[in-house]
Asks: 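Let me begin by handing over the structure; questions about it come next.
None of these values were measured; they are calculated from a predicted model.
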Amino acid sequence: MKTLTLEVRGLFEKLDHLAVERHLSALDGVQRAEANPASASVTVHYDETAVDDEALRRTIDACGFHCVGEQVPNHVGQRNQMDHEGHAAQGGKAPAAKDAMAHEMGHGGGMEMADMVRDMRNRFWVALLFTIPIFIYSPMGGMFTPPAPPFGLRLDLWLFFLGSAAVLWPSWPFFVAAWRALKNGILNMAVLVVLSVGTGYVFSVGSTFFFPGVQFYEAVAVLLVFILLGHWLEMRARAGASAAIRALLDLAPPKAIVIRDGQEVEVPTSEVLEGETVVIRPGNKIPVDGEVLEGSSLVDESMLTGESMPVNKAVGDTVIGATINKSGTFRYRATKVGADTALAQIVKLVQEAQNSKAPAQLLADRASQWLVLIAIVIGLATFAVWFWWIGSPLLFALTLTITVFVIACPDALGLATPMAVMVGTGLGAQHGILFKNAGALEDATKLDVIVFDKTGTLTMGEPRVVELVAAEGRSEDDALRAAAAVDRGSDHPLALAIVKRAEGLDVPQMTGFENLEGRGARAEIAGEPVLVGNRRLMDEERIDLGALTAKAERLKGEGRTVVHVAQAGRVLGLIAIADAPRPSAKAAVAKLRERGVEVAMLTGDNEGTARRIAGELGIDMVLADVLPGQKADKVKELQAQGKKVGMVGDGVNDAPALTQADVGFAIGAGTDVAMESADVVLMKSDPYDVVGAIELSRATLRKMHQNLFWAVAYNVVAFPMAAGVFYPLIISPAVAAIAMSGSSALVAVNALLLKRTRLEGIGGGQGSAGGRRDPVEPESIQALGSTSQAHQTH
């Protein structure tokens with residue numbers, strides 16, 4: 001099964017996307033299609049053996065929209081290049097060259113939205129320009145006696161000219177959208193705009209040339225001005241929802257320096273080829289992913305990982321596109337370019353998440369369709385009741401009918417959830433929390449218990465020195481220096497942990513290193529023998545531990561690995577090594593419990609060791625002695641108790657449990673399989689981000705509910721008021737247009753306010769409780785690239 005995100009031009013009305021989804025889903029081989037009007041794109045899940053990409057594009061074009069191509073960026077830096085070269089659109093439809101470049105960089109949807117915003121603004125100003133003299137000349141204005149129409153024209157002909165100029169060109173997109181919607185079997189807001197504006201304009205033209213009657217030029221023009229103003233403001237808000245994507249796209253540099261024919265050549269980043277040598281100097285942004293060939297430097301990876309400290313890079317290390325070189329000069333081989341870069345894959349995941357539909361949105365889409373039909377029925381019934389039954393004047397009945405058509409607003413209902421999802425997933429991506437779909441965003445709010453796999457998730461997943469015990473008369477540093485000197489000759493994980501802990505100490509030189517299988521190692525320092533190893537080695541060499549015997553047993557009972565250090569036949573001290581908890585793990589557990597979420601630890605360790613670590617972190621529920629194949633069963637047992645379960649893991653053996661859980665969270669430094677199986681990827685490998693993910697989910701769901709409540713409540717109140725149920729309290733079409741436009745704009749702005757909401761675990765909300773952030777391995781970003789590629793063919 002392949003996943004493809006295509007850019008779709010021409011999604012003018014919020015319900016236009018339903019036609020794209022309907023026609024694509026009808027194709028053989030398409031599992032589902034999810035379109036998003038705010039991002040101007042559609043994500044298609046399909047069997048590439050049954051239907052090809054070209055068939056998908058032809059289907060979109062047949063709906064009356066324009067399929068530009070795949071929206072996943074060939075290289076995200078292209079947007080900066082385009083701005084740098086001055087090719088940004090100045091208004092109206094982009095030229096072919098710009099369309100091609102927009103397709104190349106995968107950001108055409110955002111640029112098209114900017115074009116639509118400008119176009120709607122221009123139409124608003126034209127409509128307003130001609131509406132002002134209409135209002136002055138119209139008898140309905142009544143403010144003063146207007147001057148005589150120019151050129152000796154009759155007043156009705158002059159109003160016809162002004163009204164046509166104010167209505168025809170400014171409203172034309174609504175007529176096109178309405179025709180396209182009806183052709184595709186969709187009822188959207190454009191249909192209601194055409195019914196209201198079109199009815200008033202046609203009736204006015206008829207009364208001007210064919211039969212005596214009142215003219216609606218003023219009312220129709222004012223109505224259209226407010227409709228256009230509302231659409232303009234709403235489109236600006238919709239464009240703001242994609243700010244997260246644009247921010248990610250802007251990370252990569254527009255140019256790169258590569259070696260070609262032995263010379264340094266500056267080329268667009270999108271033209272860097274896999275295998276080419278890239279030259280990086282101090283202050284440069286790294287254009288694509290690769291492996292260092294020459295030189296070394298410190299690289300700031302905070303733009304993608306959130307880690308503030310620069311990371312040292314040397315020959316053989318991996319570098320990530322869009323990160324910043326801080327100091328030295330180096331050369332590296334490009335290993336992933338274009339759409340394969342880690343940054344491009346992150347953008348792709350965010351796009352797919354924004355296009356996915358929460359369960360509430362599926363219901364809202366269907367309700368929006370019915371709302372338009374209900375508005376048409378109520379509008380016609382209103383005219384029938386007031387004109388034929390009650391006997392009111394034609395002008396009054398027609399005005400109420402137009403008001404009903406105008407005030408009905410399926411746009412607010414259609415925007416309620418996708419705007420919240422776009423902002424929520426975008427905000428998460430900016431802070432290293434990648435939701436793969438809207439369903440996970442909604443389900444994360446319902447979790448009763450979070451199960452953490454211990455190794456690599458709550459702990460660092462590698463041995464670290466956690467305690468030093470010195471013999472009487474010696475210091476901890478004496479034991480550490482001696483052990484580090486010997487272990488420099490070993491690549492054993494415990495030896496590496498000791499050497500790492502001794503960084504910054506003056507470690508002496510050793511000679512005669514000898515590895516003692518299963519016991520430790522031996523060497524000489526300044527002519528004296530030094531032993532580093534387990535209790536068995538000490539016993540064999542008849543080293544008296546003295547008072548350290550009891551301390552060694554205590555450490556061993558706590559699940560520590562105890563390394564004994566002796567020099568010249570006398571013990572120097574003990575080094576306790578364990579898989580240390582991540583610095584933020586305890587705070588994450590406390591915050592989750594504070595929010596009513598139970599926390600469980602899942603591990604293959606024995607009960608005693610597991611209880612010790614759980615006690616340090618404040619976890620009561622311990623699932624110990626669990627074999628790798630039993631992890632999913634433990635999740636099922638909790639689900640059988642009626643609990644919604646979240647699972648946090650990083651390894652291959654966590655994949656079944658991540659899939660079984662209601663929401664799976666994968667640590668970013670974990671395996672590709674784990675990230676493929678999860679619903680949420682925590683890029684910073686920080687357990688505290690689980691708190692951030694849940695808080696963000698809850699805040700996003702609140703916005704969804706607020707928007708849905710407003711959209712439904714608005715229509716419940718609006719329909720009877722527009723139909724004259726509360727007569728003599730009635731509203732005019734212009735006021736109805738303001739209410740309609742305001743409801744859509746309010747929904748969009750309310751969703752955007754999520755960006756300004758202070759959330760625990762997101763941005764500044766984490767600092768006080770989360771403590772220091774864990775260093776993030778660059779492999780976490782690299783792994784995501786291959787994970788997303790695997791997801792395409794999964």
Asks: Run Ile694 and Leu592 through side-chain contact (heavy atoms from CB on, under 4.5 Å) and show every step you take.
Replies: CA-CA 9 Å; Ile694 292 176; Leu592 288 170; 3.7 Å; yes
Asks: I would like to know whether Thr5 and Thr43 meet side-chain hydrogen bond (donor to acceptor under 3.5 Å, both in side chains); could you show each step before the answer?
Replies: CA-CA 4 Å; Thr5 299; Thr43 298; 3.1 Å; yes
Asks: Could you pull out all residues at least two apart from Arg595 that satisfy side-chain hydrogen bond (donor to acceptor under 3.5 Å, both in side chains)?
Replies: Glu695
Asks: Give the minimum heavy-atom separation between Leu157 and Thr208, together with the two atoms involved.
Replies: CD2-CG2, 4.2 Å
Asks: Got a sec, which residues hit ring pair (Phe, Tyr, Trp, His ring centres under 6.0 Å) with Trp386, two or more places apart in sequence or on another chain?
Replies: Phe396, Tyr727
Asks: Show the nearest heavy-atom pair for residues Val8 and Ile60, with the distance to one decimal.
Replies: CG1-CG2, 3.9 Å
Asks: Side chains of Phe160 and Ser204: does their closest heavy-atom pair fall under 4.5 Å?
Replies: no
Asks: Only counting residues at least two apart or in another chain, list the ones meeting side-chain contact (heavy atoms from CB on, under 4.5 Å) with Ala166.
Replies: Phe130, Thr131, Ile134, Ala221
Asks: For the pair Asn184 (side chain) and Arg180 (backbone), establish whether a donor and an acceptor sit closer than 3.5 Å, ignoring hydrogens and angles.
Replies: yes
Asks: Should the pair Lys446-Asp443 be classified as a salt bridge under the 4.0 Å nitrogen-to-oxygen rule?
Replies: yes
Asks: Hydrogens and angles aside, do Thr59 and His23 bring a side-chain donor and acceptor to less than 3.5 Å of each other?
Replies: no
Asks: Going from OG1 on Thr757 to CG on Leu427, what distance comes out if it is rounded to the nearest 0.5 angstrom?
Replies: 8.5 Å
Asks: Does a side chain donor of either Thr382 or Thr401 reach within less than 3.5 Å of an acceptor in the other side chain?
Replies: no
Asks: Do side-chain atoms of Ser25 reach the backbone of Arg22 as a donor and acceptor pair under 3.5 angstrom?
Replies: no
Asks: Which residues satisfy the side-chain hydrogen bond (donor to acceptor under 3.5 Å, both in side chains) test with Lys643, sequence neighbours excluded?
Replies: Glu598
Asks: The criterion is ring pair (Phe, Tyr, Trp, His ring centres under 6.0 Å); which residues satisfy it with Phe726, sequence neighbours excluded?
Replies: none
Asks: Less than 4.5 Å apart, side chain to side chain, heavy atoms only: is that true for Phe203 and Leu398?
Replies: yes
Asks: Can you tell me how far CG of Leu754 sits from CZ of Arg702, rounded to the nearest 0.5 angstrom?
Replies: 8.5 Å
Asks: Please enumerate all residues that pass side-chain contact (heavy atoms from CB on, under 4.5 Å) together with Val725, with sequence neighbours excluded.
Replies: Pro720, Ala723
Asks: Among residues at least two apart in sequence or on other chains, which ones pass salt bridge (Lys or Arg N to Asp or Glu O under 4.0 Å) with Arg32?
Replies: Glu34
Asks: Of all the heavy-atom pairs spanning Ala33 and Leu24, show the shortest one and how long it is.
Replies: CB-CB, 3.8 Å
Asks: For the atom pair CZ (Arg123) and CH2 (Trp232), what is the distance rounded to the nearest 0.5 Å?
Replies: 14.5 Å
Asks: A side-chain contact here means heavy atoms from C-beta on lying under 4.5 Å apart; do Asn750 and Trp710 qualify?
Replies: no
Asks: Could I get the full list of side-chain hydrogen bond (donor to acceptor under 3.5 Å, both in side chains) partners for Gln639, not counting sequence neighbours?
Replies: Gln660, Asp662
Asks: Start with the C-alpha gap between Leu400 and Phe383, add the side-chain angles, then the distance that decides, and say whether side-chain contact (heavy atoms from CB on, under 4.5 Å) holds.
Replies: CA-CA 7 Å; Leu400 290 182; Phe383 181 83; over 6 Å; no
Asks: Atom CG in Leu129, atom CG in Leu162: separation rounded to 0.5 Å?
Replies: 9.5 Å
Asks: Test side-chain contact (heavy atoms from CB on, under 4.5 Å) on Arg57 and Leu6 and set out the steps.
Replies: CA-CA 8 Å; Arg57 294 183 175 93; Leu6 296 169; 4.1 Å; yes
Asks: Show the nearest heavy-atom pair for residues Val663 and Ala444, with the distance to one decimal.
Replies: CG2-N, 3.9 Å
Asks: For Phe151, enumerate each residue passing the ring pair (Phe, Tyr, Trp, His ring centres under 6.0 Å) test, keeping only those at least two apart in sequence or located in another chain.
Replies: none
Asks: Would you mind listing every side chain to side chain donor-acceptor pair (under 3.5 Å) that reaches into residues 154-169, with sequence neighbours excluded?
Replies: Arg154-Asp156, Ser164-Tyr201
Asks: Grab the two heavy atoms, one from Pro170 and one from Leu224, that are nearest each other, plus how far apart they are.
Replies: CB-CD2, 4.0 Å
Asks: Run the side-chain contact (heavy atoms from CB on, under 4.5 Å) check on Asp448 and Val597 step by step: do they pass?
Replies: CA-CA 5 Å; Asp448 302 307; Val597 180; over 6 Å; no
Asks: Check Leu155 against Tyr137 and note the closest heavy-atom contact, atom names and distance.
Replies: CD1-O, 3.8 Å
Asks: State, yes or no, whether a side-chain contact exists between Val220 and Ile402 at a heavy-atom distance under 4.5 Å.
Replies: no
Asks: Taking C-beta and beyond as the side chain, do Val680 and Leu434 meet within less than 4.5 Å on heavy atoms?
Replies: no
Asks: Any side-chain heavy atom of Asp679 within less than 4.5 Å of one from Phe435?
Replies: no
Asks: Applying side-chain contact (heavy atoms from CB on, under 4.5 Å), name anything that partners Val30, two or more places apart in sequence or on another chain.
Replies: Leu27, Val44, Tyr46, Val51, Leu56
Asks: Heavy-atom distance under 4.5 Å between the side chains of Val712 and Val716, does that happen here?
Replies: yes
Asks: Suppose we screen for ring pair (Phe, Tyr, Trp, His ring centres under 6.0 Å). Which residues come up paired with Trp389, at least two apart in sequence or across chains?
Replies: none
Asks: Return the OG1 to CG distance between Thr700 and Leu759, rounded to the nearest 0.5 Å.
Replies: 8.0 Å
Asks: Measuring from atom CG of Leu696 to atom CG of Leu701, what distance do you get when rounded to the nearest 0.5 angstrom?
Replies: 11.0 Å
Asks: Indicate yes or no: at least one non-hydrogen side-chain atom of Tyr217 is less than 4.5 angstrom from one of Val205.
Replies: yes
